[in-house]
**Student:** 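Sharing a structure with you now.
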Amino acid sequence: MEWQELKGTKILDAQDPDRAGAAVREAAAILREGGLVAFPTETVYGLGAAAGNSAAVHKIFAAKQRPPDNPLIVHLTSMEQVRELTLALPPAAYLLAERFWPGPLTLVLPKNATLPAVTTAGLPSVAVRIPAHPLALALLKEAALPVAAPSANLSGSPSPTTAAHVLADLAGRIDAVLDGGSCPVGVESTVVSLLGPKPAILRPGGVTLEMLRGVLGEELVDLTADRGDFTGTPPAPGMKYRHYAPRAPLYLVEAGRKQGKRLEALLQDLLARGKRPGLLLTRETLQARPGLKAFPLEILASRRDPAAAARELYGALRRLDDSPVDVIVAEGFKERQIGRALMNRLRKAADLIFAENGRD
Ligand code: TXA
Ligand code: MG
């Protein structure tokens with residue numbers, strides 16, 4: 001089958017049902033030969049390589065320019081595969097797997113000696129997940145290998161939710177992208193560590209705190225820090241890096257009383273200083289302040305629909321970055337359900353946060 005290419009990166013179109021089977025087979029063959037393939041998951045696109053092939057995994061770190069101390073998530077299709085890579089599993093692993101897999105949940109578990117050190121950045125633990133996206137599952141089954149896959153972006157830039165985002169960052173640096181259209185969740189998986197005495201959330205994501213509490217009750221510890229400014233060793237190595245960030249500085253106006261007034265004051269101040277702001281707003285704010293339509297603008301769904309906002313977030317940040325703006329001003333959401341993951345990503349991307357009690 002002939003495939004389009006961009007700078008030597010094959011574009012394996014799996015959106016066309018007539019070509020999807022061939023696209024998956026080609027992608028699987030590349031993984032088996034030790035190559036790099038970006039593929040869609042329900043959260044974001046992953047950059048896959050055979051998790052047991054250390055040379056292939058090294059190529060992931062090089063292509064993404066990822067710090068070598070940040071371990072990868074290993075993508076699997078079954079509990080049998082999970083058991084092959086780990087030591088004895090705690091009961092919580094079975095409870096969570098039963099309820100949330102396949103799906104946007106990653107579990108950190110004690111690893112055995114099967115995987116090379118590079119995949120887990122030398123840690124004695126491994127992060128595993130069974131994704132729900134049909135193309136991800138088809139690819140993993142066809143390749144019949146554990147597949148290590150971080151998000152398929154350049155390290156530090158917003159995660160990709162379309163094949164076009166992947167190509168914008170990685171064309172010419174990877175062998176292929178399996179194009180399955182846009183990702184339905186839009187933010188990364190929830191990372192839960194089962195290494196300690198109690199299950200602990202290391203990164204909020206597609207499976208919400210509320211959903212996890214439904215299974216684990218008050219046992220669950222939330223180690224999610226808003227800013228990721230850790231001293232010492234953070235529980236998830238990824239937590240210490242500035243993340244998900246567009247090139248333009250991002251100013252975040254948190255939810256709360258007088259959010260609209262704080263937003264307007266900030267815009268006035270930016271304009272007075274000759275800056276060109278681009279806006280990331282909810283439908284409600286735009287309805288209340290139609291004058292804001294004069295700015296470059298991305299609408300992030302309704303305030304009442306954080307799931308839609310999560311789906312749109314990374315694409316909207318990339319589009320604003322591609323327009324002539326000096327600064328991105330984003331409106332904050334309430335922290336409930338997937339709004340927690342959304343706010344975690346916005347705060348990590350933010351250069352300045354305007355909270356209810358002024359700047360902080
Ligand atoms: O939704 C997702 O999780 C996507 C898709 C492709 O599956 N993947 C993803 O991978 O977001 P990445 O590499 O961008 O984020 C992985 C996170 C990082 O914060 C990393 O530090 C953490 O998981 N992690 C991986 N292995 C770990 C371990 N052994 N212990 C603690 N944290 C770990
Ligand atoms: Mg990432």
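These values consider heavy atoms only, across backbone and side chains, with no hydrogens, waters or symmetry-generated copies. Whatever order the structure lists them in is the order used to number ligands and atoms, beginning at 1.
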**Student:** In plain terms, say whether D326 and R276 are close enough for a salt bridge, that is, a side-chain N and a carboxylate O under 4.0 Å apart.
**Tutor:**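 A salt bridge is present here (some side-chain N lies under 4.0 Å from a carboxylate O).
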**Student:** Could you see which bit of N70 sits under 4.0 Å from ligand 1, with heavy atoms only: side chain, backbone, both or neither?
**Tutor:**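 Side chain only.
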**Student:** Short check: any N/O/S atom of S155 below 2.8 Å from the Mg ion (ligand 2)?
**Tutor:**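 Checking the Mg ion (ligand 2) against S155, no N, O or S atom falls under 2.8 Å.
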**Student:** Counting each atom of ligand 1 from 1 as listed, which ones have a heavy atom of P150 under 4.0 Å away?
**Tutor:**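 Within the 4.0 Å cut-off of P150, ligand 1 contributes 10 (O), 12 (P), 13 (O).
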**Student:** Distance only, no hydrogens: is a donor on one side chain within 3.5 Å (strictly under) of an acceptor on the other, for R129 and T41?
**Tutor:**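 Side-chain D/A pair, R129 to T41: present.
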**Student:** Any Lys/Arg nitrogen of R303 or E331 sitting under 4.0 Å from an Asp/Glu carboxylate oxygen of the other?
**Tutor:**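 E331 and R303: salt-bridged.
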**Student:** Give the numbers and elements of all ligand 1 atoms closer than 4.0 Å to a heavy atom of R203.
**Tutor:**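 Answer for ligand 1: 2 (C), 3 (O), 9 (C), 11 (O), 15 (O), 16 (C), 17 (C).
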**Student:** So which bit of R66 gets within less than 4.0 Å of ligand 1, heavy atoms only: side chain, backbone, both or neither?
**Tutor:**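 Within the 4.0 Å criterion, R66 contacts ligand 1 through side-chain atoms alone.
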**Student:** Between T106 and S189, is any side-chain donor less than 3.5 angstrom from a side-chain acceptor?
**Tutor:**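 Side chains of T106 and S189: pair found under 3.5 Å.
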**Student:** Does S302 form a side chain to side chain donor-acceptor pair (under 3.5 Å) with E284? I'd like the steps, not just the answer.
**Tutor:** CA-CA 6 Å; S302 158; E284 288 85 349; 2.6 Å; yes
**Student:** Give the atoms of ligand 1, by number and element, whose distance to some non-hydrogen atom of G46 is under 4.0 Å.
**Tutor:**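 Answer, ordered by atom number: 6 (C).
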**Student:** Over 60° means perpendicular and under 30° means parallel, so tell me whether H75 and F39 are parallel, tilted or perpendicular.
**Tutor:**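 Correct class here is perpendicular.
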**Student:** Looking at E210 and R336, is there a salt bridge between them, counting it only when a charged N and a carboxylate O are closer than 4.0 Å?
**Tutor:**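 Answer for the salt bridge query: no.
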**Student:** Which atoms of ligand 1 are found less than 4.0 Å from any heavy atom of T43?
**Tutor:**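 In order of number, 1 (O), 2 (C), 4 (C), 5 (C).
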**Student:** In plain terms, say whether R247 and D322 are close enough for a salt bridge, that is, a side-chain N and a carboxylate O under 4.0 Å apart.
**Tutor:**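 Yes, R247 and D322 are salt-bridged.
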**Student:** With a cut-off of 4.0 Å, which atoms of ligand 1 are near a heavy atom of S125?
**Tutor:**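 It comes down to these atoms of ligand 1: 28 (C), 29 (N), 30 (N).
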**Student:** Using a strict 4.0 Å cut-off to heavy atoms of I73, name the atoms of ligand 1 that fall inside it.
**Tutor:**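 Result: 3 (O), 8 (N), 9 (C), 10 (O), 16 (C).
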**Student:** Tell me, please: is T120 in heavy-atom contact with ligand 1, that is, under 4.0 Å?
**Tutor:**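 No; T120 lies far enough from ligand 1 that no heavy-atom distance drops under 4.0 Å.
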**Student:** Can you list the ligand 1 atoms lying under 4.0 Å from a non-hydrogen atom of H75?
**Tutor:**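 Those of ligand 1 that fall under 4.0 Å from H75 are 5 (C), 6 (C), 7 (O).
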**Student:** Can you find a side-chain donor-acceptor pair between D175 and T9 that sits under 3.5 Å?
**Tutor:**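 No, no side-chain donor-acceptor contact under 3.5 Å.
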**Student:** I need the atoms of ligand 1 closer than 4.0 Å to a non-hydrogen atom of S151, numbered in the order shown.
**Tutor:**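 Every atom of ligand 1 under 4.0 Å from some heavy atom of S151: 8 (N), 9 (C), 10 (O), 12 (P), 14 (O).
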**Student:** When only distance counts, is S189 in polar contact with ligand 1, meaning an N/O pair under 3.5 Å?
**Tutor:**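 Yes, since at least one N or O of S189 sits under 3.5 Å from an N or O of ligand 1.
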